[in-house]
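For ligands, and for the atoms within them, numbers begin at 1 and follow the listed sequence.
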Amino acid sequence: MAIQLGLSDIGTRESRLGSITGYIGDLKELSEQSACGTLRGCARCFSQSSSCLSGCALSQLSGIRDIAVVHHGPSGCSTTGTQSYRVTKQVAAKRGIVNHAVYIGTDMDENDTIFGAGEKLAEIVRTTYERYHPKAIFVSSSCASGVIGEDIESIVDDLRQEIDVPIAAVHCEGFKSRIWATGFDLSDHAVLTSIVKPPKQKRNTINFKNFYESARPEIIKIFAEFGVEPVFLYANATVEELSHLSEALATVCICGTLGNYLGNGLEQQYGVPYIRTINPLGITGFETWLRAIGTTIGKTKEVERYIARERAIYLPRIEALKQELKGIRCVIGMGPGYTFEVSRVLQELGMEVVWGAAWHYDRQYDDGNVPPAMKYLLENNPNFKVSVADQQNFEVLNILNKYKPDLYLSRHPGSTVWAIKQGFPALFVADEYMIFGYKGTLDFAHTVLDTIKNRSFERNLAEHVKLPYTDWWYQQPIGKFLEKA
Ligand code: SF4
């Protein structure tokens with residue numbers, strides 16, 4: 001379904017993409033059912049807590065330089081604001097810049113939820129504008145303002161007459177989707193509809209959707225060899241940079257789950273090509289991605305020259321490590337983008353993926369096709385067991401106990417720590433660039449070996465921790481609480 005940039009709100013991933021949060025089976029079944037449109041998710045009759053989509057939406061937006069987020073909800077919802085600290089303070093300081101973005105909560109109380117707080121919200125937006133002079137303002141809803149039907153859209157429409165910077169309503173009521181990645185789409189929709197302007201001239205830039213830009217210097221250097229500049233989004237990007245996204249040569253991303261909506265939106269609305277390949281993790285991913293960029297921007301010779309030079313440096317060293325990595329049995333628990341990208345890299349390095357637990361699964365992306373990482377695995381790699389669970393750690397611990405892997409890999413500390421307490425070596429793949437390119441793949445291989453060679457920390461911790469799970473739970477089938485929806 002085409003992206004509807006004429007509307008202020010968007011459908012959830014469940015309704016737009018057929019995304020699911022409950023499944024158990026294997027990669028082949030999941031992929032084949034996705035491709036032919038028969039995939040149906042399961043519901044859980046028991047579920048642990050999960051995350052709110054406003055975390056993804058507002059942490060993305062609040063990283064944009066010198067903007068304001070006004071989150072219309074009770075004070076508890078504003079804990080999302082703490083996530084922006086890493087980008088606006090730590091990542092910005094690392095780059096040597098200052099980001100004056102502010103995150104304001106409207107602190108709705110009982111009276112507000114009975115009588116409404118539209119006037120209070122408008123006044124807070126005005127005060128925010130006068131006090132902080134932001135370059136753009138994003139006004140977000142929450143469960144509470146959503147339940148009472150606060151008309152944020154009309155309030156924002158009225159404020160546009162008074163405020164001369166872009167201002168957008170962001171409809172991120174936590175209850176509207178079980179899939180927190182819907183928040184990424186909401187942030188992209190707000191940027192596309194309120195900040196991006198129609199193109200006036202083509203620029204020598206490539207839009208690069210990522211999280212924390214830790215490989216920024218390396219990527220600037222690589223792209224310079226092809227005569228183009230990356231524009232990193234959204235952490236510490238300026239509103240001015242965002243307004244020109246439609247003039248770029250192409251859009252790429254570090255993770256399809258993160259970049260899909262913006263990439264497809266820019267392509268659909270302004271004809272900016274979106275590079276839809278597997279992502280640049282591992283050797284195959286990196287080279288496939290680079291070659292697609294080269295073809296799109298007409299720089300295939302430069303890309304091949306770069307690949308040949310870097311292969312000569314890194315491939316012998318990576319090959320040498322494969323002997324030690326061979327046969328290491330891994331369980332993965334990550335968002336769907338990284339679960340299926342990292343699975344490919346582990347298998348490429350000679351390791352065995354015994355189970356992949358994706359926090360949700362997108363049956364398709366906004367272009368109507370199966371995610372490339374999944375398609376690639378199905379066509380090229382060995383099958384493995386797969387589950388879909390919105391970070392339900394009780395299921396992860398059951399999987400780990402049954403399969404007893406050599407290593408658990410997760411991109412979420414709240415999951416990794418449980419594996420360690422259970423006594424399994426675990427790798428927190430925190431940085432999105434941890435397996436980026438040749439050097440990242442080599443470093444990652446070393447990190448895996450370091451993690452599994454010295455197991456005393458996990459052993460000691462497991463001996464001194466009493467977990468809340470009983471033998472009864474470990475004996476239950478992994479999908480015990482899943483029911484066909
Ligand atoms: S918007 Fe809803 S789910 Fe999200 S933090 Fe607030 S109350 Fe919780």
- prompt: With distance as the sole criterion, is a donor-acceptor pair present between the side chains of S177 and T182 under 3.5 Å?
  reply: yes

field: Backbone or side-chain N/O/S of C143 under 2.8 Å of atom 2 (Fe) of ligand 1
entry: yes

- prompt: Of the protein's non-hydrogen atoms, which lies at the shortest distance from atom 6 (Fe) of ligand 1, and what is that distance?
  reply: C77 SG, 2.3 Å

field: atom 8 (Fe) of ligand 1 touched by protein (heavy atom, under 4.0 Å)
entry: no

query: Which atom names give the shortest non-hydrogen contact between G285 and R344, and what distance separates them?
result: CA-NH2, 3.6 Å

field: Aromatic centroids of F208 and W289 separated by under 6.0 Å
entry: yes

task: State whether Y129 and R160 meet the cation-pi test: NZ (Lys) or CZ (Arg) under 6.0 Å from the six-membered ring centroid, and within 45° of the perpendicular axis.
output: no

Heavy-atom nearest neighbour in the protein, as seen from atom 4 (Fe) of ligand 1, with distance rounded to 0.1 Å: C52 SG, 2.3 Å

